[in-house]
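Written below as structure tokens is the structure these notes are about.
Each chain gets a letter, A, B and so on, in the order its sequence line appears, and its residues count up from 1.
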Amino acid sequence: MSSIGTGYDLSVTTFSPDGRVFQIEYAAKAVDNSGTVVAIRCKDGVVMGVEKLIVSKMMLPGSNRRIHSVHRHAGMAIAGLAADGRQIVARAKGEATSYESTYGESIPVKELAERVASYVHLCTLYWWLRPFGCGVIVGGYDREGPQLYMIEPSGISYRYFGAAIGKGKQAAKTEIEKLKLSEMSCREGIIEVAKIIYKLHDEAKDKAFELELSWVCDESNLQHQKVPDELLEEAKNAATAALEEMDAD
Amino acid sequence: MDLIQIRGGNLVGHESDSQRTQYPYVTGTSVIGIKYKDGILIAADMGGSYGSTIRYKSVERIKPIGKHSLLGASGEISDFQEILRNLDELILYDNMWDDGNTLGPKEVHNYLTRMMYNRRNKFNPLWNSLVLGGVKNGQKYLGTVSMIGVHYEDNHVATGFGNHLAKPILRDEWHEDLSFEDGVRLLEKCMRVLLYRDRSAVNKLQIAKLTEEGVTVSPPYALKTHWEFNSFKNPTAGAEGSW
């Protein structure tokens, strides 16, 4: 995957002879180095989970949020450079409120993803801007039902049943593919996402991590919110239990 | 008075640069609010007058704001809707922080005051008198903001005709720790007087209750009125030929 783009990688406005824009690929590497973000679309909603790596014991739990609400019905989980992520979230919030102001209804998730992807792409077109060093997963619930979109630093946006970005994304994707998402409810989905994140967390390389879980589903009244504390505890316990079971084998 | 402005070469500004005070078109009449034992009670009728015509009879003039506040408005209905839009965005952004803290009635009251006063300074007021009540962390709050930005808080507030007809009743009969039934009875007494005497009042009202637990806006109902006064019978008895 990695190749040295000597000479062709100094600016985002330069193509390499084989048609690649190296700056964008390097931006993607920033995303690959961050804690994993896993999201799945269940039959009644979307669940998003983040493996928030704790850099310092001095940090208060619950701070440095990686999952943000963008409007009542949609949320975003960020992987990569946190500061870049903040900008994207702010922009998404602005787009969502301006859409509602103009059209009188909540922004459809597809529209939101398109606008955010457009903005991310914008920053890959000019030499005086650098690409965003973060990947974003947008989860929302509108008239078309629950939807999940992933936006990469290149500005590409696709709709997914299940998506993962960050360090453990390969392992996460394998796990997600094993799940029967079309029959799963969000309650079950929470447990599954927690299990996946706990499973692919590398104890050796990274020390502690905090699990951040959010959902938007029928049960949450179509609002995007943090998973309620009791369910979060339940998910964490189930995930640790599953890990121990695996280790015992 | 001529406004001489220097703007990009124009010595005299365009007429469109200066706003004049508007006229209200569709208006709501009085709103009354009181504190009671468990929280706040606000009453308002559901009329929207178009000048002297009572054009709309199902206008909801009391709305919940976030989890902790209630807003009642008299005056221009379209301006009230605009205020609600602004507050909706304010509450949305507050909710999205998701940091365990939410805007309470005091903060919303202050925000409204700023909004009204700044518009007034531009000679383009939002033509409303607002009643803002709420409960947060056990603390009851009841305040009012006028269209020119005059604001204060009190145990009982009223707008429009309510100031003249309801306030005296409230001053006499309001006391600390009213029960819910007593509070409603007091409000209904005031609303009844307004119904008799305010020509823009309609007999269809809502009473909204806000406590620590949440907001309830009652379904619309009508007050019983009494017209069987002797003087109303045989009105021409003392003056034959008149009507």
Practice task
Using a heavy-atom cutoff of under 4.5 Å, enumerate the residues of residues 88-99 of chain B that contact chain A, numbered in order, or state 'none'.
Solution key: B/Asp88, B/Glu89, B/Leu92, B/Tyr93, B/Met96, B/Trp97, B/Asp98
Handout entry: A/His121 side chain vs A/Ser154 backbone, donor-acceptor pair below 3.5 Å
Key = no
Practice task
Look at the side chain of A/Glu152 and the backbone N and O of A/Ser157, then say whether any donor-acceptor pair between them is shorter than 3.5 Å.
Solution key: no
Practice task
Kindly state whether the ring of A/Tyr198 and the ring of A/Phe209 have centres lying under 6.0 angstrom apart.
Solution key: yes
Handout entry: B/Tyr25 OH: over 12 foreign heavy atoms closer than 6.0 Å
Key = no
Handout entry: A/Ser101 versus chain B, the contacting section by heavy-atom distance below 4.5 Å
Key = both
Exercise for the section: Heavy-atom distances under 4.5 Å only: say whether A/His224 touches chain B with side chain, backbone, both or neither. Expected result: neither
Practice task
Please determine if B/Arg119 and B/Glu82 form a salt bridge, counting it only when a charged side-chain N lies under 4.0 Å from a carboxylate O.
Solution key: no
Fill in the blank from the handout: Looking only at A/His71, A/His68, A/Gln223, the option with the highest number of non-hydrogen pairs under 4.5 Å against chain B is A/His71
Problem - Side-chain donor or acceptor of A/Gln87 paired with backbone N/O of A/Asp84 under 3.5 Å - result: no
Problem - Enclosure of A/Tyr160 OH (heavy-atom neighbours >12, cutoff 6.0 Å) - result: yes
